[in-house]
Visitor: 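Here's a structure for you.
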Protein chains: 2
Amino acid sequence: MRIGEVAAEAGVSVRALRYYEEQGLLDAERTASGQRRYPPGAVDRVRFIQSLYAAGLGSKAVLRILPCMDRGVLTDDMYERLLAERARVQAQLDDLTATRDKLDDVIRLSEAHRPGRAHHAGADACATAS
Amino acid sequence: MRIGEVAAEAGVSVRALRYYEEQGLLDAERTASGQRRYPPGAVDRVRFIQSLYAAGLGSKAVLRILPCMDRGVLTDDMYERLLAERARVQAQLDDLTATRDKLDDVIRLSEAHRPGRAHHAGADACATAS
DNA sequence: CTAGGACCTGACGTCGACGTCAGGGTCAAG
DNA sequence: CTTGACCCTGACGTCGACGTCAGGTCCTAG
């Protein structure tokens, strides 16, 4: 696949793919003229990279755990890192859950103070129209 | 409370508190000489701000939903934003959960390929010592 | 053969949440 | 009155994940 196709299918920019390669996260074959060619699995790999970035991991952390995908065999270090990053993600999950619950509290309280109002924008069957 | 105390108790830097004030997220009284004085509730407010930042919200988004904490009464706009940001957080939660599950898959697969190894660093009661 | 769309390599720009340094007041204790 | 910890206001530095522009190459259809 060419870089544009991968970018489109994975939902990222061409620049991002070049950046990933620069960071050692994504290899590509080259044609004789120097253009990148990707195997079909690259799309999933890019999606996974994105999800790791979204989980707050930096390029270095991603670089550390990506080799775990490539081989079934792991060094002790890689295994440790994998567990460490999982723990990070789980911690983030806990924090996020707490934050969501706080938001829910605020929403609930505000609804208690707005007894006459609709509780869902768009979900109100009340006579808003006409 | 003085800025240093608030910073210490909330676990952030003094610079961060001044930055929050600059962004309109945190008000402070001033002494005659211009030093900031905070009410005790400021600590919780700062912790909440932090959790919102950790949830991936920017200053502007935080600024939009913080007034919801101050008054029990909300405008329609504020209520909408509150719901919108909660939806964002929930979406992040879903993504993060998926990412964690992917990591778990990788970990499980790698464990299957390492049958002789301990599965938890530090949790192994095996004869590592002596 | 030619047009124009996709690709290439630099290399500088960006944006947010602070860190950090400079230069100078403030305040409770001795 | 002095010392040292704490506070103040600018204002520039940082770092990561790209955006974007410049200048040039490649390739496929007509």
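Just so you know, these numbers use all the heavy atoms, side chains as well, and skip hydrogens, waters and symmetry mates. The sequence lines fix the lettering, A, B, ..., with proteins before strands; numbering per chain opens at 1.
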Visitor: Both A:Gln35 and A:Arg15 contact DNA chain D. Which one's nearest nucleotide lies toward the 5' end?
Guide: A:Arg15
Visitor: What is the distance, to the nearest angstrom, from the CD atom on A:Glu29 to the C1' atom on C:dC7?
Guide: 17 Å
Visitor: The side chain of A:Ser13 lies closest to which of these nucleotides: D:dG19, D:dC7, D:dT9?
Guide: D:dG19
Visitor: Should the side chain of B:Arg18 and the base of D:dT9 be counted as holding a donor-acceptor pair, with the cut-off at 3.5 Å?
Guide: no
Visitor: Let me confirm one number: the CG-CD distance from B:Asp104 to B:Glu111, rounded to the nearest 0.5 Å.
Guide: 9.5 Å
Visitor: Whole-Å distance between C:dC27 P and B:Ile3 CD1?
Guide: 15 Å
Visitor: In the structure I gave you, are the side-chain heavy atoms of B:Asp77 and B:Arg64 within less than 4.5 Å of one another anywhere?
Guide: no
Visitor: What is the separation between atom CD on A:Glu21 and atom P on C:dC8, rounded to the nearest whole Å?
Guide: 8 Å
Visitor: Which nucleotide wins on minimum distance to the side chain of A:Ser59, given the candidates C:dG25, D:dA11, D:dA17?
Guide: D:dA17
Visitor: Nearest whole Å is fine: how far is D:dA17 P from A:Ile49 CD1?
Guide: 11 Å
Visitor: Nearest whole Å is fine: how far is D:dG16 P from A:Gln23 CD?
Guide: 9 Å
Visitor: B:Arg2 has a side chain; which of D:dC8, D:dC7, D:dC26 sits nearest to it?
Guide: D:dC7
Visitor: Can you check whether A:Arg30 has a side-chain N or O nearer than 4.0 Å to OP1 or OP2 of C:dT9?
Guide: yes
Visitor: Rounded to the nearest angstrom, tell me the gap between atom CG in B:Leu52 and atom C1' in C:dG16.
Guide: 16 Å
Visitor: Of the candidate nucleotides D:dC18, C:dC18, C:dC27, which contains the atom at the shortest distance from the side chain of A:Tyr53?
Guide: D:dC18
Visitor: Measure the distance from CZ on B:Arg37 to P on D:dC8 and round it to the nearest whole Å.
Guide: 8 Å
Visitor: Quick check: do A:Ser59 and A:Tyr53 have side-chain heavy atoms less than 4.5 Å from each other?
Guide: yes
Visitor: Taking any heavy-atom pair under 4.0 Å as a contact, classify B:Leu57: base, sugar-phosphate, or nothing.
Guide: sugar-phosphate
Visitor: Closer than 4.0 Å, any side-chain N/O of B:Tyr19 to the OP1 or OP2 of C:dC18?
Guide: no
Visitor: Any side-chain N or O of B:Ser33 less than 4.0 Å from the OP1 or OP2 oxygen of D:dC7?
Guide: no
Visitor: Does A:Arg30 pair with A:Glu21 as a salt bridge, N-O distance under 4.0 Å?
Guide: yes
Visitor: B:Glu5 CD to C:dC27 P: how many Å, rounded?
Guide: 15 Å
Visitor: So, is B:Arg36 near the phosphate of D:dT9, with a side-chain N or O under 4.0 Å from OP1 or OP2?
Guide: yes
Visitor: Hey, could you give me the OH/CD distance between B:Tyr20 and B:Gln23, rounded to the nearest 0.5 Å?
Guide: 10.0 Å
